[in-house]
Amino acid sequence: MKTFIIGHKSPDTDSIMSALVMANLEKNLGNTNEIIPCRLGNLNKETEYILNYFKVEAPKLIDSVKGADEVILVDHNSFLESAPDIADAKISKVVDHHRISNFQTKEPLFYMAEPIGSTCTILYELYRMNNITIDKTYAGLMLSAIISDSLLFKSPTCTPKDIKVAEELAKIADIDINTYGLEMLKAGTDLSSFSASELISIDSKEFNANGAKFQISQVNTVDIDSVLKNKSEIEMVMNNLISENGLDLFMFVITDILNCNSKAIVLGNKASVVEKAYNIAIDDNIAFLSGVVSRKKQIVPLITENI
Ligand code: MN
Ligand code: MN
């Protein structure tokens with residue numbers, strides 16, 4: 001019997017770490033299946049940095065959940081974000097911190113969700129609830145996921161609980177949060193080697209609302225303008241995806257993690273939704289989103305409401 005544990009497509013650090021941390025939790029809870037942490041895409045540079053730092057092997061790359069007797073979803077629930085054949089799988093557990101959408105199961109399941117900064121914060125609570133010891137390595141992986149999702153506690157998604165848990169984990173892992181956190185985030189902002197289409201797929205999510213289909217990709221950087229040097233090429237790739245996938249709106253959000261602002265390239269027949277949502281004017285397909293860093297909390301709800 002096999003248990004696959006998967007985070008979302010275009011996996012970020014939280015999805016990768018949550019799969020690894022959940023796999024260890026399942027073993028400790030006595031799940032006797034072969035437990036396989038998986039991923040639905042390539043590692044980003046930040047995640048690579050973390051796995052190297054703690055000398056941990058990446059989850060297994062898969063493109064289907066065929067062969068799994070049960071599947072555990074972490075850091076997502078939407079089937080749009082999951083394996084293409086997820087609707088046919090037996091989902092036994094979900095641990096997540098996103099809104100619930102495009103999700104249903106045939107059978108009862110374990111579902112734990114909280115509106116907090118990181119799936120790994122919830123996993124920490126599950127370890128504690130079950131009296132399972134967190135070793136140095138797993139503490140480091142969880143801490144990294146919290147730092148990543150909360151942009152070192154600066155994102156509006158970050159809650160006091162995330163900070164408290166991160167401090168606990170830092171003690172166990174014997175890590176200085178600020179020094180390590182900045183190094184880790186910066187490792188993720190080296191975008192120089194990416195082509196336009198790779199840039200767009202580093203962290204990309206698709207949404208449906210009010211009969212409209214929209215996609216929001218996001219990258220973190222310390223220099224927005226250096227990413228915008230490729231603007232025309234990026235726009236070409238975005239326009240191709242718009243016609244291929246019938247998108248009404250495509251936002252490519254470039255987030256400055258030091259100043260906590262974003263600029264977005266906005267394309268599609270519903271581009272004006274962004275102007276309405278933020279009460280701003282788009283100039284040459286660029287929207288300046290002052291103080292916006294969180295897609296989950298500061299972009300998706302506003303677009304969903306206005307589209
Ligand atoms: Mn995620
Ligand atoms: Mn997350």
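One-based numbering, in listed order, for ligands and for the atoms of each.
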Taking atom NZ of K205 as the centre, report whether more than 12 heavy atoms of other residues, nucleotides or ligands fall under 6.0 Å from it. yes
Value rounded to 0.5 Å, distance of CG in D96 from CG in D75: 6.0 Å
Determine, using ring centers only, whether Y180 and Y53 are less than 6.0 Å apart. yes
Atoms named by residue and atom, protein N, O or S, within reach of the Mn ion (ligand 2) (under 2.8 Å): D14 OD2, D75 OD1, H97 NE2, D149 OD2
Counting only heavy atoms from other residues, nucleotides and ligands, does the tally under 6.0 Å from CG of N279 exceed 12? no
Expected output: side-chain T47 to main-chain L43 donor-acceptor under 3.5 Å: no
Give the atom name of whichever N/O/S atom in H8 sits closest to the Mn ion (ligand 1). NE2
For K161 and E125: C-alpha separation, side-chain torsions, deciding distance, then whether salt bridge (charged side-chain N to carboxylate O under 4.0 Å, His left out) applies. CA-CA 10 Å; K161 194 189 269 179; E125 295 182 300; 2.9 Å; yes
Between Y111 and F103, ring centroids under 6.0 Å: yes
Taking both backbone and side chain into account, is any N, O or S atom of H76 nearer than 2.8 Å to the Mn ion (ligand 1)? no
